[in-house]
Number of protein chains: 2
Amino acid sequence: MAIRKDGKTSFSRTTLADVARESGFSPSTISIVLNEAPISRYVAAKTKEHIREVAKRLDYRPDAFGRSLRKRRSHTIGVMIFDISDPFCTLILQGIEKSLHSTEFLPFIVDAHNQREQFERYLAMLLEYRVEGLIVVANWLFIDIETLSELERHRVPTVLVGSEMRSGPLGSVLVNNEQGGYLALQHLYSLGHRKIAFIRGPRQLWDSSRRWDGVLRYAAEVGLRMPKKWVVELTGSSESNSSFDEGRSLTSTMLQHDPGFTALLAFDDLTAFGAVRALRDFGRSVPEDCSVLGFDDVPYAALFNPSLSTVRQPMERMGSIAVGRILNEIQQGGEVTPGKGRVDLLPPELVQRESTAAIHPTGRILARKIGKI
Amino acid sequence: MAIRKDGKTSFSRTTLADVARESGFSPSTISIVLNEAPISRYVAAKTKEHIREVAKRLDYRPDAFGRSLRKRRSHTIGVMIFDISDPFCTLILQGIEKSLHSTEFLPFIVDAHNQREQFERYLAMLLEYRVEGLIVVANWLFIDIETLSELERHRVPTVLVGSEMRSGPLGSVLVNNEQGGYLALQHLYSLGHRKIAFIRGPRQLWDSSRRWDGVLRYAAEVGLRMPKKWVVELTGSSESNSSFDEGRSLTSTMLQHDPGFTALLAFDDLTAFGAVRALRDFGRSVPEDCSVLGFDDVPYAALFNPSLSTVRQPMERMGSIAVGRILNEIQQGGEVTPGKGRVDLLPPELVQRESTAAIHPTGRILARKIGKI
DNA sequence: CTTTCCCATTGAATCGTTTGAAAGATGATG
DNA sequence: CATCATCTTTCAAACGATTCAATGGGAAAG
């Protein structure tokens, strides 16, 4: 422990007592002035000024631990994410950060890396830090229901973003997946496509099923035939780029089996990227030979080549709505409010870019092939 | 404030005193047992067992504020990033998280959104939270030197990742940009390219100049001519996708002026994505008509269409090295250690994918055009 | 002259934990 | 019996801030 010239150890920082000593007033007064507490109304203007000057000169910063201990408030909101490298998370996080910015709260972000053990460790730490609220960004989530249900035991207002629990008291904010699936198929169908391949999400994922429900609903409405050979399913490993790889290999397999589809609906954007790769490797170009539609609208969808048509989830908004609900619950003082287990379903939005187009009126596929020979 | 059946307010949680009362031992003993302090050697085995049982039953979690206040340690490392949506950050963050995982430290991540005001606000908060170390992920950084120099005033061990200060005492961990630039040009040159267009980084960015130095060094070595019309520069706004947009428009301009180049070296991957888009819109395909080389190897480079050849920065390793250095400095007890201002330069690595190829031996450009008519 | 009110500041308790010193036991040794 | 060592547990003082109640002065009101 190094000793500075002023005799203090290098670890200790300027404290309230230091400012008190230096300014000649008591710690109470310092605290009152610096926090602009109501009674500071009675403190002489000259005193205030003097105290502020000294505090600044000594570079005084109140210790968050001392303060939080006494006030019994941490002024933090825990944010648990499951994979920071998932671009889906990123925008939600931004929404959360931006909304929190205007408040007195600081986000405390932890990344569970899709591992249950980590999830529990970090959860425990967040609770030790007495977070006043908890936002769980549950994008691609195989943590079992019980683990999440545990959350409410902790008497910390909690909101789930991007996912929904089939039951249980936790509130959630997510896109209307059913409607999204519906919109997606509607888009392809109205472009004239009738031979459509599908890569649906993993069956274990509840949200994935909802999305598929929407697809089925539209298909039923217009009487679209969906042959089994063109409907495949992601297994959903938790690896980072797994949906790209799976999208690619599933598409390859379908192409080898029967390449007759003119459009492909992917579970999400990453899967769509993989599909585009597979199509290209097979000699098909997008969208001329086959349209590809994604889901999510991750930031890279617009940069991709060709830029990807997709169903957008309002991710930033989801983040800020989650924050709004948490702040609300905090203000309610932890009371079990009526709308607590509420589910906010936000409308998805279809974004048409380059990867989808009306079905080729001329025999474009043939022409292209000749051109290549 | 809701009152529970046991008479405690709903805000207060089980505390050490609760466990003490319930178990019949004193708070001291509880603390000693639960922390497995050295003297716990003397505590009767039966007592230990009993205390642990009670603690578990009451779901006791030590309050981080009380503990940190007393122990004068926060067990947190602040991580300041400048734009979480930048995929460059993401991998570094993962490296940091993974390395921290095996330690007693918790990362405290904040995102300054490229704004100075935010940077300072968050920095103040991190200091109030008494972070024991600080990692600044300074990817795309226009915060002025003074602001960063301030950091060392705070007597908190600090390491910069991904950027370097021309002077000053802060240590940094980053890729060898000069070598990266050298490798990049070498790659294109050895593929046979002689007419190469360059999009260099913003001049204000120190690291960008280093990279450019490497390019120039190789060019000088082999005597490559670099006509001014094919050398452009990013302005470097802090917007999220600005390098894509700029890469695209700069490439467009060059193409309109003189499309004779057969390869393009971009400042980073995002710029490269923009360049590919511009080339395609101009009717050039990559790599058949023009090779494109990026820098960074963001996760999407491999998924892009065509997959992007690039110079990889070992981002995850940069993160873990930064953690290692911070932990080291913390162990040194904040002493000014000899290697404190040290700069770790990691070697870049060329990753060849689809976007670069040997120069076209046949007159492919012409053939393609005819094919399209 | 006492009471009341306002002004300006402070004393002292408190938040939940850790920890060095001390205090009770018990048994062994001189 | 005093002394000492060993074991087991507790006391009480921090850590740094906030806040309620209290202080003492001065002026105005009764």
Side-chain angles (χ1 to χ4, degrees), chain A residues 1 8-9 11-51 54-55 58-75 104 127-130 132, chain B residues 1 8-9 11-51 54-55 58-75 104 127-130 132:
Chain A
M1 203 184 279
K8 283 191 289 191
T9 65
F11 287 156
S12 71
R13 336 229 339 220
T14 16
T15 159
L16 200 58
D18 295 333
V19 183
R21 206 176 311 117
E22 183 79 8
S23 69
F25 289 92
S26 77
S28 322
T29 311
I30 314 293
S31 172
I32 287 161
V33 169
L34 260 31
N35 288 307
E36 303 183 33
I39 25 169
S40 74
R41 204 163 56 78
Y42 296 127
V43 177
K46 202 160 47 174
T47 308
K48 282 187 191 170
E49 202 184 337
H50 179 215
I51 287 177
V54 172
L58 298 188
D59 194 28
Y60 167 68
R61 298 164 190 280
D63 180 296
F65 295 107
R67 159 181 290 177
S68 289
L69 182 57
R70 171 63 226 236
K71 295 180 70 167
R72 316 175 77 179
R73 296 203 51 185
S74 67
H75 289 280
E104 54 190 349
L127 291 173
E128 285 176 10
Y129 272 90
R130 299 285 189 264
E132 299 184 40
Chain B
M1 200 184 281
K8 283 190 287 189
T9 64
F11 287 156
S12 71
R13 336 234 335 225
T14 27
T15 159
L16 202 57
D18 295 333
V19 183
R21 204 176 313 117
E22 183 79 10
S23 68
F25 288 92
S26 77
S28 321
T29 311
I30 315 292
S31 171
I32 287 162
V33 168
L34 260 31
N35 288 309
E36 303 184 34
I39 27 170
S40 73
R41 204 163 56 78
Y42 296 126
V43 177
K46 200 161 47 175
T47 310
K48 283 188 191 170
E49 202 183 336
H50 180 215
I51 287 178
V54 173
L58 298 189
D59 193 29
Y60 168 69
R61 298 164 189 280
D63 180 295
F65 294 108
R67 160 181 287 177
S68 289
L69 182 58
R70 170 64 224 228
K71 295 182 73 167
R72 317 175 76 176
R73 295 202 53 185
S74 67
H75 289 281
E104 55 191 345
L127 291 173
E128 285 176 10
Y129 273 89
R130 299 286 188 262
E132 299 185 41

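Chain letters run A, B, ... following the sequence lines, proteins first and then strands; every chain starts at 1. Only this structure's heavy atoms are used, side chains among them; waters, hydrogens and symmetry mates stay out.
- The side chain of A:Arg70 lies closest to D:dG16, out of D:dT9, D:dG16, C:dT17.
- Straight-line distance from the CG atom of B:Asp18 to the P atom of C:dC15: 11 Å, rounded to whole Å.
- DNA chain C is contacted by B:Ile32, B:Asn35 of residues 32-44 of chain B, taking any non-hydrogen atom closer than 4.0 Å.
- Here the C1' atom of nucleotide D:dG16 and the CD1 atom of A:Ile30 are 14 Å apart, to the nearest Å.
- Nearest to the side chain of B:Pro62, among C:dG11, C:dT17, C:dG16, sits C:dT17.
- Residues A:His50 and A:Phe25 approach most closely at ND1-CE1, 3.8 Å, considering heavy atoms.
- Side-chain proximity of B:Phe25 to D:dT19, D:dA17, D:dT9: nearest is D:dT9.
- Annotation for B:Leu16 and B:Pro27: closest pair CD2-O, 3.8 Å, computed over non-hydrogen atoms.
- Between the side chain of A:Glu128 and the main chain of B:Arg61, no donor-acceptor pair closer than 3.5 Å is present.
- Minimum heavy-atom separation, A:Ile51 to A:Ser23: CG1-OG, 4.5 Å.
- Between the CD1 atom of A:Ile51 and the P atom of C:dA8 there is a distance of 13 Å, given to the nearest Å.
- Between the C1' atom of C:dT17 and the CD atom of A:Glu128 lies a distance of 12 Å, rounded to the nearest Å.
- The distance between atom CZ of B:Arg73 and atom C1' of C:dT17, rounded to the nearest whole Å, is 15 Å.
- Comparing D:dT10, C:dT10, D:dA17 by their closest approach to the side chain of A:Tyr60 singles out D:dA17.
- A:Arg130 comes within 4.0 angstrom of no nucleic acid atom, judged by non-hydrogen atoms across all strands.
- Applying the 4.0 Å criterion to OP1 and OP2 of D:dT18, one finds that A:Ser31 has a side-chain N or O inside that range.
- As a whole-Å value, the separation of B:Arg67 CZ from C:dT19 C1' is 14 Å.
- Across all non-hydrogen atoms, the minimal contact from A:Leu34 to A:Ala55 is CD2-CB, 4.1 Å.
- Between A:Thr47 and the phosphate of C:dT9, there is a side-chain N or O to OP1/OP2 separation shorter than 4.0 Å.
- Proximity of B:Ser26 to the phosphate of D:dT10: a side-chain N or O atom is located under 4.0 Å from OP1 or OP2.
- Residue pairs meeting the salt bridge (Lys or Arg N to Asp or Glu O under 4.0 Å) criterion with at least one partner in residues 20-32 of chain B, sequence neighbours excluded, are B:Asp18-B:Arg21, B:Glu22-B:Arg57.
- Note: CZ (A:Phe65) to P (D:dA14) measures 22 Å, nearest angstrom.
- Nucleotides of DNA chain D nearest to B:Leu69 and B:Gly24 differ in position, and the one nearer the 5' end is that of B:Gly24.
- Axis deviation across the helix from C:dC1-D:dG30 to C:dG30-D:dC1 amounts to 90°, comparing end segments of five pairs, rounded to 10 degrees.
- No side-chain N or O of A:Ser31 forms a donor-acceptor pair with one of A:Ser28 less than 3.5 Å apart.
- Checking C:dT17, C:dT9, C:dC15 against every side-chain atom of A:Thr29, the shortest atom distance belongs to C:dT9.
- Using bins of under 30°, 30° to 60° and over 60° for the plane-to-plane angle, the ring pair B:Phe65/A:Tyr129 lands in the perpendicular bin.
- The distance from atom CG of A:Leu58 to atom P of D:dG16 is 15 Å, rounded to the nearest whole Å.
- Nearest to the side-chain atoms of A:Asp63 among the listed nucleotides D:dT18, C:dC15, D:dG16 stands D:dG16.
- Pairing each heavy atom of B:Ser74 with each of B:Arg130, the nearest pair is OG-O, 2.6 Å.
- Taking both residues in full, the closest heavy atoms of A:Thr14 and A:Leu58 are given as OG1-O, 3.1 Å, listed atom of the first, atom of the second, then distance.
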